[in-house]
Amino acid sequence: MPRQPEQIQHDEPLARFIFSRRHFSPTKNIVGAPAFIPNRDDLQTSVFRIYDLGEQQIRDIGEDVGRTQTPPRSPRARGEIQVNAVINVGAGLHVIHDEPPPRHAEIIGWPRDDKPQQLEIAKLLAAAALLVLHD
């Protein structure tokens, strides 16, 4: 896959791959807030830039990500969200280019040492995300 430009556009779609059934509801057709909670070590949420990709290409990225999990697993779903929705949460979040792997980015700017505020922000992101189920 060709390297992506470092400049991220506000209208770019992002994918947050979801590996846990507890992080989405297919019956309600929603992404759950836990899907967007940042990593507690570096306060970043891993996402992938998916503009100009077809469905199978997006799923292939998800499978690649799943192979890095312990144990390896396939994504059960993904949350798709626009960069501008991340920025518009108004909590100081922004998205940065973070390759490798190809097309990887991070949502950064999460509040430190404030788990309740992180959860509130994650709820806003989840509400703005579109749930896409994987087979």
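In this structure, R103 CZ and L14 CG are separated by 11.0 Å, a value rounded to the nearest 0.5 Å. Here the CG-CD1 distance, from D98 to I108, works out to 9.0 Å after rounding to the nearest 0.5 Å. Distance check, rounded to the nearest 0.5 Å: CG of D52 to CD of Q57 gives 7.5 Å.
The closest side-chain heavy-atom distance from I61 to L53 is below 4.5 Å. No side-chain heavy atom of D11 sits under 4.5 Å from any side-chain heavy atom of Y51.
In this structure, the side chain to side chain donor-acceptor pair (under 3.5 Å) partners of T27, at least two apart in sequence or on a different chain, are S25. R67 meets the salt bridge (Lys or Arg N to Asp or Glu O under 4.0 Å) test with D64; sequence neighbours excluded. Here F48 pairs with F17, H104 under the ring pair (Phe, Tyr, Trp, His ring centres under 6.0 Å) rule; sequence neighbours left out.
Nearest heavy atoms, H97 versus I8: N-CD1, 3.4 Å.
Sequence neighbours left out, not one pair with a member in residues 31-47 passes salt bridge (charged side-chain N to carboxylate O under 4.0 Å, His left out). The salt bridge (charged side-chain N to carboxylate O under 4.0 Å, His left out) analysis of residues 14-30, with sequence neighbours excluded, yields no pairs. Sorted by first and then second residue, the ring pair (Phe, Tyr, Trp, His ring centres under 6.0 Å) pairs involving residues 23-42 (not counting sequence neighbours) form an empty list.
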Can you list, pair by pair, the side-chain donor-acceptor contacts under 3.5 Å of residues 72-89, counting residues two or more places apart and other chains?
unit_1	atom_1	unit_2	atom_2	d
R73	NH2	Q69	OE1	3.1
S74	OG	E63	OE1	2.9
S74	OG	E63	OE2	3.2
R78	NE	E80	OE2	2.7
R78	NH1	E55	OE2	3.1
R78	NH1	H134	NE2	3.0
R78	NH2	E55	OE1	2.7
R78	NH2	E55	OE2	3.4
R78	NH2	E80	OE2	2.8
N88	ND2	N84	O	3.0

Show me the side-chain donor-acceptor pairs of residues 109-121 shorter than 3.5 Å, one per line, residues at least two apart or across chains.
unit_1	atom_1	unit_2	atom_2	d
W110	NE1	T45	OG1	3.4
W110	NE1	I107	O	3.4
D114	OD1	Q117	N	3.1
Q118	NE2	P111	O	2.8
E120	OE2	K123	NZ	3.3

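Linking ILVMFWY residues whenever their side-chain heavy atoms come closer than 4.5 Å, directly or via other members, leaves V47 and I37 in distinct clusters. Residues V95 and L124 share a hydrophobic cluster, clusters being chains of Ile/Leu/Val/Met/Phe/Trp/Tyr side chains in contact below 4.5 Å.
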task: Let me see the working for I30 and L131 under side chain to side chain contact (heavy atoms under 4.5 Å, CB included), right down to the final yes or no.
output: CA-CA 6 Å; I30 60 170; L131 177 65; 5.8 Å; no
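Under a 3.5 Å cut-off, the side chain of E106 and the backbone N or O of S46 do form a donor-acceptor pair.
Atom NE2 of H10 sits in a sparse spot, with 12 or fewer heavy atoms from other residues, nucleotides or ligands closer than 6.0 Å.
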